[in-house]
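Data first, discussion second: the structure below is written as C-alpha cells.
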Amino acid sequence: MNPLFLFIFLSVANFNPNNSPTLQEVRNLYQKTENSENACKNLLKILEPYDETNSPLFLGYKACTNLMMAKHVSNPFTKYSYFKKGRKMLETAVNADKNDVELRSLRFAAQSNIPSFLNYNDDISTDKIFILKSYHLVKDPVLKENIYSYMMKWGKLTEDEKKFLK
C-alpha cells in the first residue's frame, strides 16, 4: 500500500468533527474530577485541542481540571506545576471571553477553593458580583442550576443575595 495514501487515510479516518465533546459531556466529566484522578486525565486528554481561539469555555474547563489535578498528586513541585499551568490557562480563558458567566463561575469556584497562601483570589468579589448580575440572563437551565447550587452552598452569600438568586 502506498505510504502517502495510508497517511492520508488515517488522518481522514481520525478526523471527525463529531468527535468534539459536547458541553454537557465536559460538564459531567468535570463533576467527577474532584474525586478521580482518572477523570482529570481523561478530561485533559479530551480538551487537549482547545485553547482561547477555538473555545475559551473549554479552555476554562481544561484550566480548572489542571487545578484539580494538583489535588491528586503528592509531589509538591508537581502540585505547584499543575496550579501554575491551570491559573495561567484560566486567566487566558477569562480574558478571551470576559462576559461568559460560566467561565467567571469556574474562576470564582477555583479561587474560592484554592489555599490563600497561593495568592490566587484577586477576582473573587468581582466574579461574585458579575455572577449575581448575570444569573437571571442565563438561558441554559443546566448551567443556571449549577450556578444556583454552587452559589447557595459555597458562595458565601448574604441573605439579600440569596433572595436575589431565587
Side-chain angles (χ1 to χ4, degrees), residues 21-47 50 52 55-76 78-166:
T22 66
L23 180 54
Q24 195 55 49
E25 289 168 338
V26 170
R27 286 174 180 160
N28 289 341
L29 191 51
Y30 181 71
Q31 293 294 320
K32 298 174 184 175
T33 61
E34 184 175 5
N35 299 315
S36 170
E37 182 178 357
N38 286 335
C40 283
K41 289 177 179 178
N42 189 19
L43 188 53
L44 287 174
K45 185 176 180 182
I46 290 168
L47 295 176
Y50 298 98
E52 72 276 10
S55 180
L57 183 56
F58 280 5
L59 178 61
Y61 275 102
K62 184 166 57 170
C64 289
T65 303
N66 270 282
L67 293 170
M68 198 64 75
M69 270 299 292
K71 179 180 179 178
H72 298 296
V73 295
S74 55
N75 182 307
T78 306
K79 281 183 179 291
Y80 190 64
S81 176
Y82 276 117
F83 166 74
K84 283 188 350 184
K85 186 175 183 179
R87 177 183 183 162
K88 183 177 181 185
M89 274 188 217
L90 189 52
E91 290 307 312
T92 300
V94 171
N95 287 329
D97 193 355
K98 291 179 194 248
N99 294 319
D100 187 317
V101 70
E102 190 162 2
L103 273 173
R104 299 286 287 270
S105 297
L106 286 170
R107 184 171 69 180
F108 176 81
Q111 288 189 358
S112 297
N113 288 291
I114 287 176
S116 59
F117 70 85
L118 290 171
N119 293 321
Y120 187 47
N121 53 13
D122 296 343
D123 302 297
I124 291 174
S125 59
T126 56
D127 284 346
K128 180 180 173 181
I129 291 166
F130 180 84
I131 293 164
L132 291 171
K133 286 182 178 178
S134 303
Y135 177 75
H136 292 292
L137 302 174
V138 174
K139 302 284 187 237
D140 181 333
V142 173
L143 174 59
K144 197 165 193 167
E145 177 57 33
N146 289 346
I147 291 171
Y148 179 82
S149 296
Y150 184 84
M151 295 302 286
M152 293 303 273
K153 188 171 183 178
W154 304 106
K156 297 178 183 169
L157 301 177
T158 66
E159 287 305 313
D160 286 342
E161 290 169 337
K162 287 179 182 178
K163 289 177 188 173
F164 180 76
L165 283 183
K166 291 183 178 188

Would you say the side chain of M151 lies within less than 4.5 Å of the side chain of E161, judging by non-hydrogen atoms? no
Side-chain contact, heavy-atom cut-off 4.5 Å: N42 with L29? yes
Using a 4.5 Å cut-off on heavy atoms from C-beta on, say whether the side chain of N66 contacts that of K62. yes
Is the shortest side-chain heavy-atom distance between C64 and L90 below 4.5 Å? yes
Does any donor atom in the side chain of N35 or K32 lie under 3.5 Å from an acceptor atom in the other side chain? no
Tell me which pairs pass ring pair (Phe, Tyr, Trp, His ring centres under 6.0 Å) where either residue lies in residues 106-138, with sequence neighbours left out. H136-F164
Does a donor on one side chain sit under 3.5 Å from an acceptor on the other, for Q111 and D127? no
What pairs with Y30 under ring-ring contact (aromatic ring centres under 6.0 Å, His included), at least two apart in sequence or on another chain? Y61
Would you give the length of the straight line joining atom OG of S112 to atom NZ of K156, rounded to the nearest 0.5 angstrom? 6.5 Å
A side-chain contact here means heavy atoms from C-beta on lying under 4.5 Å apart; do L57 and Y50 qualify? no
With the side chain counted from C-beta on, respond yes when K166 and Y148 share a heavy-atom pair under 4.5 Å apart, and no when they do not. yes
Side chain to side chain, E102 and L23, heavy atoms closer than 4.5 Å: yes
Would you mind listing every salt bridge (Lys or Arg N to Asp or Glu O under 4.0 Å) that reaches into residues 81-94, with sequence neighbours excluded? E91-R107
Side chain to side chain, L143 and V101, heavy atoms closer than 4.5 Å: yes
